[in-house]
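The next block holds one structure in the form of structure tokens; read it before the comments.
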Amino acid sequence: GIVGILFISLLTNHTRVKEDSAIGIILSVFFGLGIVLSRLIQNRYTSASKAGLNSYILGKTAGMIAQDVFLIGGAALISLFVILIVYKEIKLVAFDPGFAKVQGWPALLLDLLLMSLIALNVVIGLPAVGVVLMAALLIIPAAAARFWTDRLDAMLGIATLFGLLTGAGGAFVSAQFHLMPAGPVIVLFGTTVFLISMLLAPRQGIIARF
């Protein structure tokens, strides 16, 4: 998580890559590296399959226990508390880091704080839901919410709602059908929410623009 934060910060501060793209790049690269390493380890050591690497990558969404829920809920509350305290400062750094620096705000530290919150949630969520679903839940709700509003506060609320609908809807569909794994179904449900937003959003959707 710390190495990922450093790479994301380097990409956004020293190249033309934007923050959301940097997050996607780092997640993809680290995921690919993890797959390669897991295969190397499993091919080299006969007992490696007992380490649970596959469940760590793909998660155990349908088998989550109350302890997982409390841990993830605690991380969510911590993140919400920090965002509420420094919301204006984070908003300023997100939209105009140059102006924030001129005004005397520690723009780099605030950026690292935001990245650290993301890393905290990723590291806590990985053992429960796996890499694939964690990446989807990190990106899809926010990307879908962006089609519906130009205001950050409204986007945060809509993204939260989409994340809730994605998790609850995917889990419900998975529970109704035999041999439908919860994690992939949740990802597909989130993809559906994104596609609907991309097509039907009143101002930014493809149909409205056409």
Do the side chains of [Y] and [X] get nearer than 4.5 Å, heavy atoms only?
| X | Y | result |
| --- | --- | --- |
| Ile186 | Thr166 | yes |
| Phe7 | Val29 | no |
| Phe95 | Leu152 | yes |
| Val187 | Leu137 | no |
| Thr160 | Leu164 | no |
| Leu108 | Asn13 | yes |
| Pro97 | Leu110 | no |
| Gln176 | Val173 | no |

To check you understand the geometry: which heavy-atom pair defines the closest contact between [X] and [Y], and what is its length?
| X | Y | answer |
| --- | --- | --- |
| Ala159 | Ala142 | CB-CA, 3.9 Å |
| Ala208 | Pro202 | CB-O, 3.1 Å |
| Ala75 | Ile124 | CB-CD1, 3.6 Å |
| Ser79 | Asn121 | OG-ND2, 2.9 Å |
| Ser197 | Ala144 | CB-O, 3.6 Å |

Separation of [Y] [atom2] from [X] [atom1] (nearest 0.5 Å):
| X | Y | atom1 | atom2 | value |
| --- | --- | --- | --- | --- |
| Leu156 | Lys91 | CG | NZ | 9.5 Å |
| Leu117 | Ile83 | CG | CD1 | 6.0 Å |
| Ser9 | Leu112 | OG | CG | 5.0 Å |
| Ile72 | Gln67 | CD1 | CD | 11.0 Å |
| Glu19 | Ile8 | CD | CD1 | 7.5 Å |
| Ile23 | Ile5 | CD1 | CD1 | 10.0 Å |

Answer yes or no: are there more than 12 heavy-atom neighbours, outside Ile65 itself, under 6.0 Å from its atom CD1? yes
Neighbour count above 12 (heavy atom, 6.0 Å) for Phe99 CZ: no
Do [X] and [Y] sit in one hydrophobic cluster, given that two such residues count as connected whenever their side-chain heavy atoms are within less than 4.5 Å of each other, even indirectly?
| X | Y | answer |
| --- | --- | --- |
| Leu200 | Phe162 | yes |
| Leu113 | Ile85 | yes |
| Leu114 | Trp105 | no |
| Val82 | Met155 | no |
| Leu165 | Met198 | yes |

Applied to residues 186-210, the ring-ring contact (aromatic ring centres under 6.0 Å, His included) test, sequence neighbours excluded, yields Phe147-Phe194
Check: Ala145 main-chain N/O paired with Thr149 side-chain donor or acceptor under 3.5 Å: no
So, does Ser174 use its side chain to make a donor-acceptor pair with the main chain of Gly170 at under 3.5 Å? no
Could you go through the side chain to side chain contact (heavy atoms under 4.5 Å, CB included) check for Ile140 and Thr191 one step at a time? CA-CA 7 Å; Ile140 291 177; Thr191 304; 4.1 Å; yes
Do Arg209 and Gln204 get their side chains close enough for a donor-acceptor pair, meaning under 3.5 Å? yes
Stepwise side chain to side chain contact (heavy atoms under 4.5 Å, CB included) check, Phe30 with Val3: CA-CA 10 Å; Phe30 277 39; Val3 172; 4.0 Å; yes
Suppose we screen for side chain to side chain contact (heavy atoms under 4.5 Å, CB included). Which residues come up paired with Ile139, at least two apart in sequence or across chains? Leu27
